[in-house]
K.L.:
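A single structure is presented below for examination.
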There are 2 protein chains.
Amino acid sequence: MRKKEEAAPEKKRRGRSARDQGLSRERVVEAALALIDAKGYANFSLRDVARELGVYPTAIYWYVTSRDELLVEVITRALGDLIPGPLPAGRWRDWLKELFHRYRRAVARHPNVAPLLGSQIISNASMNPVMVEAVLRTLLSAGFKSEELIHVYNTVITAMVGFVTLEFAGHGADERDEWEDRLRVRFEELDRDEFPLLTANMTRMSNQAFIVRWKGGTNRALEQSFDRYIDVVLDGLQRQLAGDADTQKQ
Amino acid sequence: MRKKEEAAPEKKRRGRSARDQGLSRERVVEAALALIDAKGYANFSLRDVARELGVYPTAIYWYVTSRDELLVEVITRALGDLIPGPLPAGRWRDWLKELFHRYRRAVARHPNVAPLLGSQIISNASMNPVMVEAVLRTLLSAGFKSEELIHVYNTVITAMVGFVTLEFAGHGADERDEWEDRLRVRFEELDRDEFPLLTANMTRMSNQAFIVRWKGGTNRALEQSFDRYIDVVLDGLQRQLAGDADTQKQ
DNA sequence: ACCTGAACACCGTTCAAGT
DNA sequence: ACCTGAACACCGTTCAAGT
């Protein structure tokens, strides 16, 4: 064997030739994530994964039942372990803060998966009961009552996912330049009388404000905003907690 | 004319036969949104739009330069006008609350566009300078300083988009049932000792909590959570405002 | 058990041609 | 100006067949 490498599915054997000791679910997921990292989600295809691994497209289906199932697995792998270690009692704010930052760092490492987060099947699908349990524990220890637990929980998940998704789910690497130009032009054309605040704050806002920015968030520009956002949410939660205590006393 | 309806591109002339007085950009966008509403974003295709309008797929390109451009237009149409009317000075909380609710109501009317919001090209692309300007005006009138304006602005946009995207961007109508079953099974299998809080709060959380819920948010189940979330954000913003005032006095 | 190989029913988009 | 019609280079997925 290894005499007649006939290159049936156009074996390109790039890098460390992929077909070494057969496929596995892990190798398929790994290849998929690598491709999304490299070429963006918009250009992702199962057939590319197969090409990369040097097999026929249909071989993938032996390890994964559909494209969507593969994507769920990719997300799970990209996010990794998010749960902070246990913290001293009363430090629930720090625990949540750490959770949010871990999430952001994970997505920052794989910005091209962002379009899949918070939308699509994936948000529900990659649900991790261990994380849910840990968040609930933290919130109860903070003093939230179990009637309101769901709502506070939802607030926390939104806080974690919402900002970062918006931040990184710009356009794929390819389309970026094109959109940059279009947006820039649109903004330079804005009337100063009609949009006084927007034009006045242009320099400050460009590339740092959602909707207005034209670069994807692969850089650290929005980290400040993220921290401010987290503080707002945590302050809000704490106030609600204080409010509960008040109504309890009455 | 009208004698030889040869049905070239399989004219199905469903409903009020589509080809009445020629195409237009508006009719294309309208048809696209209607299709997404009816069959979900996952099943959306340009060719379907053409079929619906009784024309060849390539005819679409006369009114729209690409699939993505069409989608941007669809979003814009689905969201409609979000900006609340002017409110008495000092009522910035109410103004923002109204903005958030308008956004949620718009998405609730077209839940299938949710996967496009907050992710994809679309968040930036459908940027509306009028809205940006209005938000900035409200925030400045609330007392936020212009150095921190961007960060507060980003917080507001996240608050608006994040929750609602998560809420409605479940699975398309088709896939829903399948995922329902899988998730339900996963949860019924959870160990009570390993996940005490999760299993104890099962009844309360199912269908109401992100990640845990298996039904898409087409119903009103999460509206309560949304209102709580909004309060948290607004409380948080107000506290930051108070904090600013304090440091200014020192 | 694991993968090939052919085939099906689709896509978005380009481009020349018609009217 | 507006649309047809053919064509290109792709898709995800199914299923029988090989080893």
K.L.:
Could you tell me how far apart Arg67(B) (CZ) and dC10(C) (P) are, to the nearest whole angstrom?
P.N.:
16 Å
K.L.:
Measure from CH2 on Trp62(A) to P on dC2(C) and round the result to the nearest Å.
P.N.:
6 Å
K.L.:
Can you tell me if Glu133(A) uses its side chain to pair, donor with acceptor, with the backbone of Leu197(B) under 3.5 Å?
P.N.:
yes
K.L.:
Examine distances only and state if a side-chain atom of Thr76(B) and a backbone atom of Val72(B) form a donor-acceptor pair shorter than 3.5 Å.
P.N.:
yes
K.L.:
Rounded to the Å, how far apart are Asn43(B) CG and dT13(D) C1'?
P.N.:
15 Å
K.L.:
Quiz question: going by heavy-atom distance under 3.5 Å, is there a donor-acceptor pair between the base of dG5(D) and the side chain of Thr58(B)?
P.N.:
yes
K.L.:
Which value, in whole Å, describes the distance between the P atoms of nucleotides dA9(C) and dA9(D)?
P.N.:
22 Å
K.L.:
Would you say Tyr63(A) places a side-chain N or O within less than 4.0 Å of OP1 or OP2 belonging to dC3(C)?
P.N.:
yes
K.L.:
Between dG5(D), dC11(D), dG5(C), which nucleotide gets closest to the side-chain atoms of Asp48(A)?
P.N.:
dC11(D)
K.L.:
What integer distance in Å separates Asp68(A):CG from dT13(D):P?
P.N.:
7 Å
K.L.:
Indicate yes or no for a side-chain donor-acceptor contact from Asn43(A) to the backbone of Lys39(A) under 3.5 Å, with no hydrogens or angles considered.
P.N.:
yes
K.L.:
Measure from CG on Leu46(A) to P on dT14(D) and round the result to the nearest Å.
P.N.:
11 Å
K.L.:
Paired with dA1(D): which nucleotide, if any, by Watson-Crick or G-U wobble criteria at under 3.5 Å for both distances?
P.N.:
dT19(C)
K.L.:
Taking the six-membered ring for Trp, are Tyr229(A) and Phe226(A) parallel (under 30°), tilted (30 to 60°) or perpendicular (over 60°)?
P.N.:
tilted
K.L.:
Please state whether the base of dG12(C) and the side chain of Ser45(B) form at least one donor-acceptor pair under 3.5 Å?
P.N.:
no
K.L.:
Where the side chain of Tyr61(A) is concerned, which of dG12(D), dT14(C), dC3(C) is the nearest nucleotide?
P.N.:
dG12(D)
K.L.:
Just call it for Arg47(B): base, sugar-phosphate, or nothing, with non-hydrogen atoms closer than 4.0 Å on any strand.
P.N.:
base
K.L.:
Can you measure Tyr56(B) atom OH to dT4(D) atom P for me and round it to whole angstrom units?
P.N.:
7 Å
K.L.:
May I have the distance from Ile60(B) (atom CD1) to dC2(D) (atom P), rounded to whole angstrom?
P.N.:
14 Å
K.L.:
So, the side chain of Asn112(B) versus the backbone of Ile36(B): is there a donor-acceptor pair under 3.5 Å, distance only?
P.N.:
yes
K.L.:
Taking pairing as Watson-Crick or G-U wobble with both contacts under 3.5 Å, can you name the mate of dA7(C), or confirm there isn't one?
P.N.:
dT13(D)
K.L.:
Whole angstroms only, please: what is the CG-P distance between Leu71(B) and dG12(C)?
P.N.:
10 Å
K.L.:
Under 4.0 Å between a side-chain N or O of Arg51(B) and OP1 or OP2 of dC11(C)?
P.N.:
yes
